[in-house]
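Within every chain, numbering begins at 1; the chains are lettered A, B, ... in the order of the sequence lines, protein sequences first and strands thereafter.
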Amino acid sequence: MAIFTDKSTKLLVQGITGRDGSFHTREMIAYGTQVVGGVTPGKGGQTFDGPGGRKVPIFNSMDEAVAATGANASVIFVPPAFAASAIMEAADAGISLVVAITEGVPVLDMTRAHAFARDRGARVLGPNCPGLLTVGGAKIGILPGRIASPGPVGVVSRSGTLTYEAVHLLTRAGLGQTTCVGIGGDPLIGTNFIDCLSAFEKDPATEAVVMIGEIGGTDEQQAAAFAKSSMSKPVVGFIAGQTAPPGRRMGHAGAIISGAEGTALEKVKALEASGITVAKRPADIVGLVKAALA
Amino acid sequence: MAIFTDKSTKLLVQGITGRDGSFHTREMIAYGTQVVGGVTPGKGGQTFDGPGGRKVPIFNSMDEAVAATGANASVIFVPPAFAASAIMEAADAGISLVVAITEGVPVLDMTRAHAFARDRGARVLGPNCPGLLTVGGAKIGILPGRIASPGPVGVVSRSGTLTYEAVHLLTRAGLGQTTCVGIGGDPLIGTNFIDCLSAFEKDPATEAVVMIGEIGGTDEQQAAAFAKSSMSKPVVGFIAGQTAPPGRRMGHAGAIISGAEGTALEKVKALEASGITVAKRPADIVGLVKAALA
Amino acid sequence: MDLHEYQAKELFRAAGIPVPPGEVATTPAEAEKLAAKFGGTVVVKAQVHSGGRGKAGGVKLAKTPAEARAHAEKILGMEIKGLTVRKVLVAPGEQIATEAYVGVLIDRAKQAPVFIVSAAGGIDIETVAKETPEKVRKLVVDPRYGLLPHQAYWLANFLYDDEGLIKQASKIMSQLYDCFVSNGASMAEINPMITTPSGEVKAIDAKMSIDDNELFRRPEVAKMRDTEAEPPSEALARTAGLSFVKLDGNVGCCVNGAGLAMATMDLVKYYGGSPANFLDIGGSSNPDKVVAALQIITSDPNVKAILFNIFGGITRCDDVANGILEAMKRIDIKPPIVIRLTGTNEEVALEILAKAGFFAYTSMDEVVEKAVQLASA
Amino acid sequence: MDLHEYQAKELFRAAGIPVPPGEVATTPAEAEKLAAKFGGTVVVKAQVHSGGRGKAGGVKLAKTPAEARAHAEKILGMEIKGLTVRKVLVAPGEQIATEAYVGVLIDRAKQAPVFIVSAAGGIDIETVAKETPEKVRKLVVDPRYGLLPHQAYWLANFLYDDEGLIKQASKIMSQLYDCFVSNGASMAEINPMITTPSGEVKAIDAKMSIDDNELFRRPEVAKMRDTEAEPPSEALARTAGLSFVKLDGNVGCCVNGAGLAMATMDLVKYYGGSPANFLDIGGSSNPDKVVAALQIITSDPNVKAILFNIFGGITRCDDVANGILEAMKRIDIKPPIVIRLTGTNEEVALEILAKAGFFAYTSMDEVVEKAVQLASA
């Protein structure tokens, strides 16, 4: 079991013929993900060569691709100028999970795209996220599959490589994962901590959750309140950015401390006040998860 | 009993200080409608003098008016340029029934206003409609109260004065009414025949329904199909515009035959095919209703 | 308000839609001059608010300026579906590889603009939609978002396989939608939208109707109204704030309310007569409107009897009565007038009319029957 | 990207918002000339990307051109919160009856623009919102509809009682929203929005930030970037496509991924050190980026040790290793470098580094501890 995806997930790749799109399509197929098609306007009718001689049909539009393949998920690798439009196209075509990897999508574009996806009942993950990895099931996005191993821990994070770090540490310590989700570093993301915590709570295979936050916004605080009120499973936290100065954007568009609430200190306080144990450094996550599972 | 409104309906008048607004506010109060306030920007704090020394408070905005009065319905008499905005303001303020009397509202304005009202869960009646009259309860709009009398007939119509004619004939024949609704002559109206038929079907006091249609669109056809599939109560129909030439707008913006489907003949056929008896002239409505109630 | 082809093309051009050049001529000499200016083959097209111009002989190709002049000579003054041609559009002939249809109008049920496209262009879309629905693609535009890029692509992709053509057509879809919305249109059509042998997509015909209710906020579009293209009686009615449609019967009708006006016309027919017009004096009961209404009705020589059917609500019966008497003073009304008044201030009205020697009915059936009798007498 | 007050005012004016005149001077002489041109009392305002200019002495009234010159003399070159003032805005003094605050920014939770207005203008809105929330009115704008007229009125009505002022302010709200959206802003503020004794509403200060992700489609706004207003290292980083923030520690950090970069800085502190910077080389592993990163880090004289922390995913460890070696050739790097590489192509990378005499760690804790040791040695 896992959250949002499983072996039956049928995936389309929007921007399959681009540099990143083609590279990661091969990686996803190699991991075992059912990539049923790709979309690149003007290349409809062509075929994408996957690993092991696998042929993936290419379509001009999501509408055609969904009609032909019965896909229920898509992953977006198109350039920032077209990413919001690609999200809306996917939602309009009836896709229920849209994973937007693209970084640098204008925020105002996303105000409309998120509203549109909500209107159409589609879940968006991201944008500017590494995607999600259901261990032994489907890999949607760019999380490196080899660092994960099956087990009882759910991982949710606003970061990419910091997630790899945490998953790597867990795996090395023999603590496997159900699903690892990178929710993305943008200010406006489609799926937040609470959505993931709620899904992990419902997932019978998940026994503990690692939640990796960072400075900016108040999502972690709200997630902490949710964990306290609505979760029976233990949550272990980590917050990056203790040393980040206020008012400066730390890489991620969403990682900026504006006002007192967005600091790492405030977030750690909120997590601890809700009964979540917080790791002081990434390496401490392992011990805290072990303790939680004991 | 009646549909959409009753004695407990608390009404606000948008555009209460205008020529039509003030005249009809007096008429509505005289009929017994609970007019709890009016809105005219810039006249907040003033008072409108109703009949019998009744004082109606005026507010600058719907938000303030609803907060102060607990109103749940509004009627709109503002000029066409501002009518769509007034509908959205009412829906945004939490009003659940918005009756738009204004004629000449741009259709593209209404595409947005209807979408907004749907998003907010508000029912719009009109625009370009005479409103509705719950006999012995509330009069919202401009239907002349004195032509109606209490009884078992529900009346729904796209027309104004033709509705008066029908109600007048019914009353003179001793056939009283529950609620008389003018849904309006515009191409995009918020409440259609089906909404009203469905409400009359559920209203225990209504025993038969008179439905007065006209050329243009296919609302009558859809209503006929609905009556056949989902109504137990008898419906008597009348369709105006047998002699209307195609392609010409007959007064109402919505009364234009474009294509074969919008003709009176097609509509009469559809009604009769669904088991609705159709009056050849307004005066025949009375006999058909009597027969239906017998 | 319907626009002429050349006017719709102006709005299309302003929206960025590729429309070939073309200018309007009102005389054969002007047409010749334009043909010479453009050079090569030109097309001379009647500018009237009507479809089927081609079939009626209103669209002709000319290989020389002299031929253009000759065509213009024939077309100017021609009647097409009852409308007199007063202007022709002269435009260079285009090389056509394919023809498609693109239209936007308001979908009443969806309460939103709807696109209709078909690769079967240049022909009647209603017929195509009915007989071969698979040749038509429809898209309802969510007014909260406008036409989204993927939707424009989806429409264009139905028309063409070539990516270059699809991209051009997608852009035209977006431009047409913007043009539709920004001009307050109720209909906008490119028929045909052509591709040229060299791979360009162009709009070579244009049709547009503007929502009358939008004109107050768009004076520059309102100016495009061609009052010469409508019957004088309808222009007069519009100015007076009346809804009026001329018909070919002999019973003049003056009613308040559109539904009641139609029902009155129908009742005229029911009693064996034939209505001369649709006329709604509207909700206001300004006596001047009644005077204007009678002027318009009596200007139709076919009218043999005039029938008033007023159900007073906002309209006050006494105002209508006064208006009738006022009109009697100001204009010489030949046909007999029969009057039905009921509702607001009915008693006062009846008294006013009685003093002037008029009998007023209170039943619609009675007054219509009487009017039909008088007209056929 | 933050705009200067005078730039934000340009965009406001283009949107129709009433902004009093005002021009920029870069020298005291220019300031004097402008003061003479405007006549009467003028205000001389430092143009820096910082709040609290008034308190820092960066805003002064001048009654004469000579006084304006004297103020400009003091303000130009002044440091405000670490930023050097290179321009002043000279504008006529305004008669002020009342001051209000109007701002639009993006609400992360609602995923939409949000208006915040307060009649307590000219002061810090965050303080007002926290301490006296009843003095603040907020409105989340539904991006599907934009700011609706009744909403603009509702905001304006919170600020004023007079209908004339409310109407002007409503219009300004709509214009500000359009300005915000059409320029791809993430924040736009009028603080204060004043009323004059004669009943006019005006924006006398303006603040705006543009979403960096919007700049590619708005070259005219992108041109407004004041590269002089940012530290040279950050300008260089931006050109190289790196995310970089200068800090005041001595451990230079080069990391891939923003979260990991922050966690690395935090770990430096955990081990008793102090990070010299935030630096994310991003997902791509172009060796040139690594070279640029090392150039930027080594240009900081405080840096005593340089730490690489790379978790290869899209980033290939061998590319990073090659980049480091390439940089060693091209630049003279004084501080010691410690490297942690793991993930994609780790083995190849370790071999490359080993050949060049480098030891590479695979644990983040080890490498950070080592770097802190080296820096404090």
So does D:Lys370 have more than 12 non-hydrogen atoms from other groups sitting under 6.0 Å from NZ?
-> no
Tell me, for A:Ala81 versus chain D, whether the close heavy atoms (under 4.5 Å) come from the side chain, the backbone, both or neither.
-> both
Please state whether the side chain, the backbone, both or neither of D:Ala185 comes within less than 4.5 Å of a heavy atom of chain A.
-> backbone
Kindly say whether D:Asn256 contributes a backbone atom to a donor-acceptor pair with the side chain of A:Thr161 at under 3.5 angstrom?
-> yes
Distance (rounded to the nearest 0.5 Å) between D:Ser363 OG and A:His168 NE2 | 8.5 Å
Identify which part of A:Leu169 has an atom lying under 4.5 Å from any heavy atom of chain D, answering side chain, backbone, both or neither.
-> neither
Looking only at non-hydrogen atoms, find the nearest pair between A:Ala240 and D:Ala263 and report the distance.
-> CB-N, 4.0 Å
Identify the heavy atoms of D:Gly184 and A:Leu108 that sit nearest to each other, and give their distance.
-> CA-CD1, 3.9 Å
Below 4.5 Å, heavy atoms only, C-beta onward: do A:Pro282 and D:Met364 meet side chain to side chain?
-> yes
Does the pair A:Thr243 and D:Asp266 meet the rule for a side chain to side chain donor-acceptor pair (under 3.5 Å), with working shown?
-> CA-CA 6 Å; A:Thr243 49; D:Asp266 295 350; 2.7 Å; yes
A:Pro144 versus D:Gly313, closest heavy-atom pair with distance = CG-CA, 4.3 Å
Beyond-backbone contact of A:Asp119 with D:Arg144, side-chain heavy atoms, under 4.5 angstrom | yes
Can you measure from OH (A:Tyr164) to OG1 (D:Thr344) and round to the nearest 0.5 angstrom?
-> 8.0 Å
Considering only heavy atoms and a distance below 4.5 Å, find which of A:Arg158, A:Arg146, A:Met110, A:Arg112 pairs most often with chain D.
-> A:Arg146
Between D:Leu247 and chain A, which part of the residue has a heavy atom less than 4.5 Å away: side chain, backbone, both or neither?
-> side chain
Look at A:Glu214, A:Glu27, A:Arg281 and state which one has the largest set of heavy-atom pairs under 4.5 Å with chain D.
-> A:Arg281
Can you find a pair of side-chain heavy atoms, one from D:Gln111 and one from A:Thr111, that are under 4.5 Å apart?
-> no
Could you look at A:Phe116 and say if it's the side chain, the backbone, both or neither that has a heavy atom under 4.5 Å from chain D?
-> neither
Closest heavy-atom pair and its distance - D:Ala258, A:Gly251 = CB-CA, 4.0 Å
Side-chain heavy-atom pair D:Leu260, A:Glu165 within 4.5 angstrom cut-off = yes
With side chains defined as the heavy atoms from C-beta onward, is the minimum distance between D:Met262 and A:Gln242 less than 4.5 Å?
-> no
Donor-acceptor contact below 3.5 Å, side chain D:Arg108 vs main chain A:Asp219 = no
Decide yes or no for D:Phe278 and A:Arg249: does some side-chain heavy atom of the first lie under 4.5 Å from some side-chain heavy atom of the second?
-> no
Beyond-backbone contact of D:Phe311 with A:Ile147, side-chain heavy atoms, under 4.5 angstrom | yes
Specify which of D:Lys269, D:Lys110, D:Arg217 makes the most heavy-atom pairs with chain A at under 4.5 Å.
-> D:Arg217
When the 4.5 angstrom heavy-atom criterion is applied to A:Ile212 and chain D, the contacting part is neither
Is the backbone of A:Pro106 close enough, under 3.5 Å, to the side chain of D:Asp211 for a donor and an acceptor to pair up by distance?
-> no
